[in-house]
Amino acid sequence: MMADESLSKSTKAASVLAENLQLDATTMGRVICLLDQDNTVPFIARYRKEETGGLDPSKLRQIKEQYEHFKSIRERAKLVTKKIGKKLTPDIKRSLDNAVTMEEVEEVYAPFKPGHKGTYAERSRQLGLGEPAELLLKDPTAVHLDKLVKPGVKGIRTVNEVSLGLQYILADVISKDSATLNSIKSLLKRNPVRVVASLRPLGKERAKYKKYDGFHRPVTSLKAHQVLALNRGEQNKNLTVRREIPKNAEFDFHTPLLEKWVPSNASAQIKRLCKSAVLDAYKRLIEPKIIRRTRVSLTKQAEKESVNVFVMNLYRLLLTPPLRGKNVISLDPGFSHGCKLAVLGSTGEILGTGVIFPFGENKNRGRAEKTVIDLVLRHSCDYVAIGNGVGCREAEQFICKLIEKGKFVPRDVAYCIVSEAGASVYSASPEAEAELPSLDTTLRGAVSIGRRLQDPLSELVKVEPKHLGVGMYQHDIPETMLREALDGVIEDCVSFVGIDLNVVGVSMLRRIAGLNETKAKAILAWREKHGAFVNREELKEVKGIGSKTYEQCVGFVRIISSPPTQGNCTIPSTSGQDTIIISSPDGGENAKTHGKKRKHAISEEQGGRKKQMKTVGSQKFRPEPLDRTWIHPESYPVARSVMKELGVLPEQIGKPEVKAAIEKYLQTQKIEKLAAKNNVGIATLQHIVDGLRQATDHDIRVNFQKPLFKKNITSLKDIHPGTQLSGRVMNMTSFGAFVDCGVGLDGLVHNNDMRQFEGKLGLGDLVEVTVKSVDTEKQQFSLVLKKISSSFNPELLISMGN
């Protein structure tokens with residue numbers, strides 16, 4: 001019985017969600033089944049393509065979100081059914097079973113809540129007017145109001161009270177009649193509800209909402225940012241906002257309703273009663289319900305759109321390609337306390353930190369120039385990362401002048417503006433304290449900025465995503481809703497980019513599908529105790545890693561390197577820094593030494609090519625070449641069979657020989673035949689083949705938008721309407737895009753000025769724009785989008801699971 005009930009619910013969920021998301025119901029059913037088995041989205045996206053039809057992770061996230069919401073509605077409906085108890089009627093049960101929103105469930109339950117006196121209709125029925133009302137609907141001539149009067153009973157003491165009681169019951173029936181509701185829905189499609197707003201006289205922030213004074217627009221033309229702005233203005237008592245049904249829609253609704261519910265063969269008294277019931281049903285029940293549901297629907301849709309914008313921006317930000325193998329100098333700009341500076345080695349290790357004062361007197365500026373030039377040449381730095389906070393423009397000019405004067409020759413130096421969003425939050429966090437214990441909080445910010453350029457994903461996962469500055473109205477979105485959506489994006493990105501099990505720390509490891517912070521710490525503790533992992537199977541020995549957790553996470557971790565046991569070996573040491581000159585405001589110089597420069601090299605044997613068997617307790621673990629790929633251990637037997645068919649050796653995985661063998665095989669054989677021979681789906685076999693020929697150091701981020709490097713700058717005073725510029729999209733909102741054109745401020749491309757590119761533009765895209773207007777007083781300018789010169793391809797999200 002329980003199984004049948006569960007199957008019924010799953011079938012209904014699949015049907016509802018398939019309709020909402022415009023997907024095949026059968027596929028939806030299979031996805032729901034996978035979710036019910038506690039499979040994670042990354043695991044489903046990558047390793048269960050046959051069941052999902054190759055749905056991308058973002059679509060699977062939508063399904064999961066809506067499915068969780070559907071289940072919460074059904075649970076609430078079940079609880080409400082139990083609470084109503086004996087008062088539950090077939091109609092009420094049907095309403096609860098058919099409810100698709102939480103608001104519908106609560107509306108049904110409202111009259112039965114403890115302390116609630118019940119609706120007017122419910123109280124009238126308790127007075128014995130239920131049967132007469134039903135009879136009136138069937139045969140209006142059979143009902144005589146005076147015969148229903150009971151002088152001693154409040155509510156039916158007079159004909160007027162009886163008439164009012166019957167009116168309430170009829171109004172309740174009319175307001176719940178499906179044909180009536182369908183009629184009003186049809187009318188509202190042609191004449192939608194309108195939103196009207198005006199400024200309140202005593203609002204404290206009236207200036208912010210001036211453009212919404214006299215606002216009057218149908219809900220069908222409202223944008224997400226407008227809905228959220230109106231809600232915020234209303235909540236902060238700066239705006240008065242009303243939702244109104246157009247008068248013509250109201251008239252068109254009344255006319256057929258009166259014809260339907262006012263019987264022609266009734267007495268004048270009954271006709272008046274029925275007419276009053278129709279008007280009462282509309283004014284007291286139907287209209288408020290429509291207005292209420294319109295507001296809720298608008299807000300939820302706006303929140304959903306805002307979250308979707310944030311999600312897509314976050315995907316693009318986290319998947320920015322890393323700057324591999326390059327030493328970097330990073331600057332955290334500042335005036336009175338100077339620019340904090342950090343020199344980072346190619347893997348993020350700190351080679352030096354300090355403070356320079358490039359904006360003050362010539363003496364200090366000269367020392368700052370000398371310091372930066374010396375560090376660039378000594379550490380062979382080709383890139384400078386500049387934080388985009390206060391002083392960014394001046395720091396950019398400082399570096400730009402050094403480049404123009406050829407001070408870094410023979411190095412070909414370029415700089416990149418890096419978002420500081422969330423850097424200060426990270427710098428003061430316990431995680432930063434543990435990673436960089438010997439550094440001052442301000443210097444940690446400079447380190448973080450540089451590492452964001454070198455490996456954005458590894459650094460940005462340390463910051464709560466809502467602090468990353470790539471959203472819209474995030475503070476107006478329910479905290480839980482935003483956190484779950486963004487945490488899901490991080491899980492996708494970290495999982496699909498993947499990790500080396502012997503190199504990562506807690507911040508990356510806890511974001512892998514199936515893991516959490518407790519399990520991540522357990523893995524690091526095990527690594528500290530037993531040394532580097534030599535085989536994925538060793539994960540099963542870690543406390544807390546059961547069979548389900550292992551299944552979900554193991555495909556996203558690889559065994560690439562095996563450094564000596566050092567605990568959490570991903571945190572670059574600060575104890576091997578060079579001496580660095582710190583220019584102080586008073587013109588003096590202090591030397592700050594952190595010991596001798598140290599580099600840790602992993603030998604070829606330690607790197608995994610000649611690793612020997614490892615014993616842990618009674619278990620023996622040998623290196624497995626397939627552990628260096630994205631192939632899931634459940635598919636290892638098939639992978640070995642394929643390698644045998646191709647005539648390649650395990651040690652050749654990821655090398656040109658395997659790629660050549662695969663290409664040669666596919667010239668004469670079809671992959672479908674190989675899949676059938678190994679009794680697996682085509683998508684699974686394709687993933688195995690790709691895993692065998694893919695280089696073991698392959699990074700999916702190479703296909704995404706690279707950081708924007710520059711060597712010169714333009715000032716706001718240098719541009720005017722008609723000026724053509726190039727730039728990068730720094731943030732996307734529902735009303736437009738903010739573009740960094742190298743003038744120190746981001747220009748706005750409003751939706752109206754990029755209509756031909758609708759749906760194609762996103763965070764990180766390189767664009768060509770024309771200046772539309774410049775306001776030097778307000779320090780802002782607007783742009784018109786002319787061309788997307790390099791764009792993020794949304795289909796890359798689909799390929800993330802490959």
Indicate yes or no for a side-chain donor-acceptor contact from Thr320 to the backbone of Leu317 under 3.5 Å, with no hydrogens or angles considered.
yes
Full working for side chain to side chain contact (heavy atoms under 4.5 Å, CB included) between Leu230 and Leu298
CA-CA 11 Å; Leu230 287 166; Leu298 279 174; over 6 Å; no
Would you say the side chain of Asp476 lies within less than 4.5 Å of the side chain of Asn231, judging by non-hydrogen atoms?
no
Check for a donor-acceptor pair, side chain of Thr180 on one end and backbone N or O of Lys176 on the other, with a separation under 3.5 Å.
no
Would a distance-only check, ignoring hydrogens and angles, find a side-chain to backbone donor-acceptor pair under 3.5 Å from His254 to Val278?
no
Distance-only donor-acceptor check, side chains Tyr47 and Asn39, under 3.5 Å:
no
Can you tell whether the side chains of Arg48 and Glu634 come within less than 4.0 Å, N to carboxylate O?
yes
Between Thr81 and Lys78, is any pair of side-chain heavy atoms under 4.5 Å apart?
no
With the side chain counted from C-beta on, respond yes when Leu460 and Ile490 share a heavy-atom pair under 4.5 Å apart, and no when they do not.
no
Let me see the working for Glu234 and Arg295 under salt bridge (charged side-chain N to carboxylate O under 4.0 Å, His left out), right down to the final yes or no.
CA-CA 12 Å; Glu234 186 177 25; Arg295 175 170 185 166; 3.0 Å; yes
Cut-off 3.5 Å, side chains only: do Thr119 and Asp172 have a donor facing an acceptor?
no
Can a salt bridge be assigned to the pair Glu479 and Lys466 using a cut-off of 4.0 Å between side-chain N and carboxylate O?
yes
Lys548 side-chain N/O to Gln37 backbone N/O, donor-acceptor pair under 3.5 Å:
yes
What pair of heavy atoms forms the shortest contact from Met732 to Leu761, and how long is it?
CE-O, 3.6 Å
Option among Arg61, Arg511, Lys64 that satisfies the salt bridge (charged side-chain N to carboxylate O under 4.0 Å, His left out) test with Asp492:
Arg61
Do the non-hydrogen side-chain atoms of Ser186 and Arg190 ever get within less than 4.5 Å of each other?
yes
When you compare the side chain of Leu457 with that of Cys493, does any pair of heavy atoms fall below 4.5 Å?
yes
Working to the nearest 0.5 angstrom, can you tell me the gap between Glu250 CD and Leu188 CG?
10.5 Å
With side chains defined as the heavy atoms from C-beta onward, is the minimum distance between Arg232 and Tyr209 less than 4.5 Å?
yes
Which value, rounded to the nearest 0.5 Å, describes the distance between Leu96 atom CG and Glu104 atom CD?
10.0 Å
So Glu303 and Leu228, do their side chains get closer than 4.5 Å, heavy atoms only?
yes
Give a yes-or-no answer on whether the side chains of Lys289 and Ser175 include a donor-acceptor pair shorter than 3.5 Å.
no
Keeping His69 on the side-chain end and Met102 on the backbone end, is there a donor-acceptor pair under 3.5 Å?
no
Strictly distance-based, threshold 3.5 Å: is any side-chain N or O of Ser183 a donor or acceptor partner for the main-chain N or O of Ala179?
no
Can you tell me how far the CD1 atom of Ile32 sits from the CZ atom of Phe70, to the nearest 0.5 Å?
8.0 Å
Qualifying residue for salt bridge (charged side-chain N to carboxylate O under 4.0 Å, His left out) with Arg293, from Glu103, Glu287, Glu106, Glu107:
Glu107
Has Ser297 got a side-chain atom pairing as donor or acceptor with Thr294's backbone, closer than 3.5 angstrom?
no
Phe215 vs Leu239 side-chain heavy atoms within contact, under 4.5 Å
no
Indicate whether the side chain of Ser58 and that of Asp56 have a donor and an acceptor atom separated by less than 3.5 Å.
yes
